[in-house]
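Quick notes on the structure that follows.
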Amino acid sequence: MPQTDVVIVGSGIAALAVAYYICEELNVVMLTKGRVQDGNSAMAQGGIAGALAKEDSWRLHGEDTVLAGDGHTDREAAMQLAKEGKELLLHLLQDGLPADRDVDGSLKLGMEGAHRLHRIVHSGGDESGRMTVQFLLEKIRHKVKIIEHTMVTEILVENGVCYGVRTLGRDGRHAELTAGAVVLAAGGCGKLYAHTSNHPSSTGDGPALAYRAGARLADMEFVQFHPTMLVKDGHVKGLISEAVRGEGAFLQDSSGERIMEKAHPLKDLAPRDIVSREIFRRLQAGESTFLNIRSIRSFDKRFPGIASLCRNHGISLEHGLIPVKPGMHFFMGGVKTGSRGQTSLRRLYAAGESACTGVHGANRLASNSLLEGLVFGRRIAAELKNVKQAEKTSVPGRTLIKAYSVSRLELEEMMEAYAGIERSGEGLRRLTDWFRSLTYREADSGSLTWEEIELSNMVTAAGMIAFSALEREESRGGHYRSDFPVKREEWLRKEIIWERVKKRLEVTG
């Protein structure tokens, strides 16, 4: 069984950040389901939030993060994110991270929803994610072993200690790899929903792998829907960055009425959950919604990727109106971690969208996701510096995986209908009953196909979201219950909710 110091599952910003900070000292293997440039990070149009303006401070950034989290944020973690994020960003910029600048050479900082000041660092206009991924990749490319087109099927655990992974390649080959530590940075779960901004590989692999390994998860009910997805013939075609509204665009209906004018003091830059619900209700009433970009000069130059996206799908920008609707965008829940990315299993760490660090609370602040991946990636790297040898251990039997008899399309439509922007107890009970009714067979990962394992991950992650949403009988951030439309001042701790959800999952198909 091959050995290495560290295995990193995933190749997004969080995974690359871990590798960036340890590749000089440790032997690192990075495993990714597709190409290393695939995934949500490379698709990110928004930039990296950081309090770099003279009038700004990391404390203000931290406060905005806490406010966006709607009473559910780990305040200390949010403040650490903002403080360390500022220092980290300055270091990366000095190391060559590309950033958009004004003619005088100063950073051109953008504005996005729920930020009180301009503090978003962009690269290439709306190409920030791709350019940041490329920057980090070039730094590690010749120092890290990158294995593409390989899925992790199982996290190896013995007596509460993680010691490696099992894998499946696109060529059908199974393998095992032991390691001194495993970092789970497998991305999000947007493909659990019919309408999403996420890359097709975002199938909830991280939470599902961790759950099967016995790790603790948290906040699975909190799903963020982005208000402005490009829509054509009722289908989502891609994301229209919040930075467009930051530059002065606004939402309107087909009659020209501004949707957010009276809905929130921040109007079109209100928190994403609020904007998404306003649009959702208009759409439910049979109206069409548009993003009015007429006030933005040289739109093609400022947002070249978005302009190209529109043209590629036959949407003319001549009249300055882009048809939009909300779609699943970001997952605030995941594998529960401490301040250094550590999980409830020794030697297993989690980062990025697979992790629940507490910084996002019930609703992520715009452009904090890339920052979180960078900050916690560096924190994990500091912990891994002492890992030099893979622990030798006896190999236990394989964990059984449930292969479900259900189509992806049916799963996506059920999640969209009952665990989407607006939820209700009745709908969630219908959804959880549907999960209980699914038929399956149990098998070890070595006898299952790529498609069967990926679908199992999707069903597992979706079930955790559904049962968690049913347990949280209130509305908070991205979790809105029409039968409990307000927050409760005192509510169950996330640990209690997870224990209840876990018990329900244990008796569910």
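In what follows, every heavy atom counts, from backbone to side chain, and hydrogens, waters and symmetry copies are set aside. Residue numbers run from 1 in the order of the sequence given.
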Checklist outcome for this item: Heavy atoms of Met79 and Arg59 approach each other most closely as CE-O, 4.0 Å
Checklist entry - Any sub-3.5 Å donor-acceptor pair from Ser354's side-chain atoms to Leu184's backbone N or O? => result no
Next on the checklist: Test salt bridge (Lys or Arg N to Asp or Glu O under 4.0 Å) on Arg481 and Glu422; report intermediate values, then the result.
Outcome noted: CA-CA 6 Å; Arg481 289 275 298 259; Glu422 288 198 3; over 6 Å; no
Checklist entry - For residues His226 and Ser197, is any side-chain donor paired with an opposing acceptor at under 3.5 Å? => result no
Checklist entry - Between the side chains of His360 and Asp219, does any donor sit under 3.5 Å from an acceptor? => result no
Checklist entry - Between the side chain of Glu353 and the main-chain N/O of Phe331, is any donor-acceptor distance below 3.5 Å? => result yes
Checklist outcome for this item: Heavy-atom nearest pair, Val18 first then Ala381, reads O-CB, 4.0 Å
Checklist entry - Is a donor on one side and an acceptor on the other found under 3.5 Å between the side chain of Ser456 and the backbone of Lys402? => result yes
Checklist entry - Are side-chain N/O atoms of Arg212 and Asn457 paired as donor and acceptor at under 3.5 Å? => result yes
Checklist entry - Rounded to the nearest 0.5 Å, how far does NE2 of His264 lie from CZ of Arg277? => result 10.0 Å
Item to check | Non-hydrogen side-chain atoms of Glu412 and Lys191 separated by less than 4.5 Å | outcome: yes
Checklist entry - Is there a donor-acceptor contact under 3.5 Å from the side chain of Glu84 to the main chain of Val375? => result no
Checklist entry - Is a side-chain donor or acceptor of His115 paired with a backbone partner of Asp64 at a separation under 3.5 angstrom? => result no
Item to check | Verdict with reasoning, Glu454 to Lys33, per salt bridge (Lys or Arg N to Asp or Glu O under 4.0 Å) | outcome: CA-CA 10 Å; Glu454 197 168 60; Lys33 288 203 300 183; 2.5 Å; yes
Next on the checklist: Would you call the rings of Phe467 and Phe435 parallel, tilted or perpendicular, taking 30° and 60° as the class edges?
Outcome noted: tilted
Checklist outcome for this item: Closest non-hydrogen atoms of Ala215 and Ser344, given as atom of the first, atom of the second and distance, are CA-OG, 3.4 Å
Next on the checklist: Go through it in stages, so that I can follow the logic: the residues are Glu383 and Lys385, the test is salt bridge (Lys or Arg N to Asp or Glu O under 4.0 Å), and I'd like the CA-CA distance, side-chain angles, deciding distance and then a yes or no.
Outcome noted: CA-CA 6 Å; Glu383 285 291 297; Lys385 294 287 176 76; over 6 Å; no
Next on the checklist: For Glu112 and Ser367, which I'm curious about, is there any donor-acceptor pair between the side chains at under 3.5 Å?
Outcome noted: yes
Checklist entry - Would you find a donor on one side and an acceptor on the other, under 3.5 Å apart, between the side chain of Arg75 and the backbone of Glu63? => result no
Item to check | Intermediate values then yes/no, ring pair (Phe, Tyr, Trp, His ring centres under 6.0 Å), Phe222 and His72 | outcome: CA-CA 10 Å; Phe222 293 116; His72 198 68; 4.9 Å; yes
Next on the checklist: How long is the straight-line distance from CG of Leu309 back to NZ of Lys232, given to the nearest 0.5 Å?
Outcome noted: 11.0 Å
Next on the checklist: Please give me the minimum heavy-atom distance between Ala218 and Lys336, naming the atom from each residue.
Outcome noted: CB-CB, 4.0 Å
Next on the checklist: salt bridge (Lys or Arg N to Asp or Glu O under 4.0 Å), that's the test. Do Arg430 and Glu426 meet it? Break it down for me.
Outcome noted: CA-CA 6 Å; Arg430 183 175 299 178; Glu426 179 183 359; 3.8 Å; yes
Checklist entry - Is the backbone of Ala350 close enough, under 3.5 Å, to the side chain of Thr337 for a donor and an acceptor to pair up by distance? => result no
Checklist entry - CE/Met111 to CZ/Arg245 distance, rounded to the nearest 0.5 angstrom? => result 12.5 Å
Checklist entry - Quick one: does Asn198's side chain have a donor or acceptor within less than 3.5 Å of a partner on Gly190's backbone? => result yes
Checklist entry - Have Ser123 and Asp100 got a donor and an acceptor in their side chains that come within less than 3.5 Å? => result no
Checklist outcome for this item: Val121 and Leu52 have their tightest heavy-atom pair at CG2-CD1, 3.8 Å
Checklist entry - Counting heavy atoms not belonging to Glu495, are there more than 12 under 6.0 Å from its CD? => result yes
Item to check | Within 45° cone of Phe225 ring axis and under 6.0 Å: Arg364 NZ or CZ | outcome: no
Checklist entry - By ring-ring contact (aromatic ring centres under 6.0 Å, His included), which residues pair with Tyr349, not counting sequence neighbours? => result none
Checklist entry - Quick one: CD1 on Ile8 to CG on Leu16, what's the gap to the nearest 0.5 Å? => result 8.0 Å
Checklist outcome for this item: Heavy atoms of Ile306 and Asp126 approach each other most closely as N-OD2, 2.8 Å
Checklist entry - If we ignore angles and hydrogens, is there a donor and acceptor under 3.5 Å between the side chains of Thr357 and Glu372? => result yes
Next on the checklist: Side chains of Gln252 and Arg258 only: does a donor on one sit below 3.5 Å from an acceptor on the other?
Outcome noted: no
Checklist entry - Between Ser475 and Phe484, is there a donor-acceptor pair closer than 3.5 Å when you use the side chain of the first and the backbone of the second? => result yes
Item to check | Test item: Leu239 and Leu230 side chains (from C-beta on) under 4.5 Å apart, heavy atoms | outcome: no
Checklist entry - Just by distance, with hydrogens left out, do Ser57 and Lys86 show a side-chain donor and acceptor under 3.5 Å apart? => result no
Item to check | Ile240 backbone acceptor or donor facing Thr228 side chain under 3.5 Å | outcome: yes
Checklist entry - For Tyr20, what residues pass the ring-ring contact (aromatic ring centres under 6.0 Å, His included) criterion, not counting sequence neighbours? => result none
Item to check | No-hydrogen, no-angle side-chain donor-acceptor test under 3.5 Å, His195 and Glu416 | outcome: no
Checklist outcome for this item: d(Glu154 CD, Thr399 OG1) to nearest 0.5 Å is 3.5 Å
Item to check | Among Glu471, Glu221, Glu473, Glu506, salt bridge (charged side-chain N to carboxylate O under 4.0 Å, His left out) partner for Arg500 | outcome: Glu471
Checklist entry - Side-chain donor-acceptor pair under 3.5 Å between Gln224 and Asp273, yes or no? => result no
Next on the checklist: To the closest 0.5 Å, what do you measure between CZ (Arg116) and CG (Leu266)?
Outcome noted: 10.5 Å
Next on the checklist: Between Ser202 and Asn40, do the side chains contain a donor N or O and an acceptor N or O under 3.5 Å apart?
Outcome noted: yes
